[in-house]
Amino acid sequence: MNFRITIICDNSVGPISGTLGEHGLAVLVEPARGEPFLFDTGQGATLLHNLRRMNRDPAAIDKVIISHGHYDHSGGLLPLLQTGRPRRVFGHPGIFAGRYRLKDNGERIEIGIPHSRDTLEEAGAVFDLSPAFREIAPGMFMTGEVPRTTPFEKGDRELFRNGCEREPDDTPDDQSLVLATEKGLVIILGCCHSGLINTLEHTAKAMGRRDVYAVVGGTHLGFCGREQLDQTVAALKGWGISRLAAGHCTGFAASARLWREFPSAFQPAQVGYTLEA
Ligand SMILES: [Fe+2]
Ligand SMILES: [Fe+2]
């Protein structure tokens, strides 16, 4: 085993009694050798509780990755920092952008990172921000910005950025984490706003290999159109992925479809779900 991956925050919980759910994602990545990394932090309501419930000390985690600047991935960063020590925080320079969701009734809901960079730095965050593909620890890579190349991955058309009201926000800061393991590549998704197939293709190109063993996390297929789901399923069939552990923004309907299409690979990535690779 090279890595143990555990879902700490998700929209739904598994059988570990006392864990709590919220709309959000946090994934603990524990290498067999080396320090643990926390990939995303949820909204902030369940992170510390669930870590402790799963016998992990929040103060022992000093490396954090923010996949993108949405509240449901970044809101737990301040409570984590407040447990008392400086943390190195990896991400994209665009994570601090102001952004909102426009609901079908015209209501505008703020969805950006809920704390300012100054506030987070005062609490001990040391940001390490880059838009580029890079290795952040042995065998652990951040994808950097993911080029939008497939014609069918149009993303979530209800997201906008403050000051660019007419242009949907395609969330360029969205990054995934790639682990090189003895079973193949494991890709951990935040919301995968760039599209699952775009992320797979970009990862394969950057890593020079296409042996993806597992995909874990939010696919955002629950917020994209039916055409994107159909074409994503068709394209995924060419990848031969052994573990498709979807959660968070995948949603019930897209999860059901993925389970039907990939019955031996699909697993719901609920709080407490663990993958070793
Ligand atoms: Fe999300
Ligand atoms: Fe998101």
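Note that ligands are numbered from 1 as they come in the structure, with each ligand's atoms numbered from 1 the same way.
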Dump the intermediate steps for side-chain hydrogen bond (donor to acceptor under 3.5 Å, both in side chains) on His248 and Asp10, then the final yes or no. CA-CA 5 Å; His248 179 43; Asp10 189 71; 4.9 Å; no

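Taking 2.8 Å as the criterion, His68 counts as a coordinating residue of the Fe ion (ligand 2), since one of its N, O or S atoms falls below it. Coordination check, His73 versus the Fe ion (ligand 1): passed, since an N/O/S atom of the residue sits under 2.8 Å.
Residue His193 approaches the Fe ion (ligand 2) most closely through its N/O/S atom NE2. The nearest N/O/S atom of Asp72 to the Fe ion (ligand 1) is OD2. When distances from the Fe ion (ligand 2) to the N, O or S atoms of His70 are compared, ND1 comes out shortest.
Here the rule is side-chain contact (heavy atoms from CB on, under 4.5 Å) with His70, and of Ile113, Asp40, Thr171 only Thr171 fits it.
Looking at Gln270 and Ile7, their side chains never come closer than 4.5 Å, going by heavy atoms from C-beta outward. Contact of the Phe39 side chain with the Ser67 side chain is registered, since non-hydrogen atoms from C-beta on lie closer than 4.5 Å. For the pair Leu47/Glu22, no side-chain contact is recorded, criterion being any heavy-atom separation below 4.5 Å from C-beta on.
Of the angles at the Fe ion (ligand 1), the one spanning SG of Cys191 and NE2 of His248 is 110° when given to 10°.
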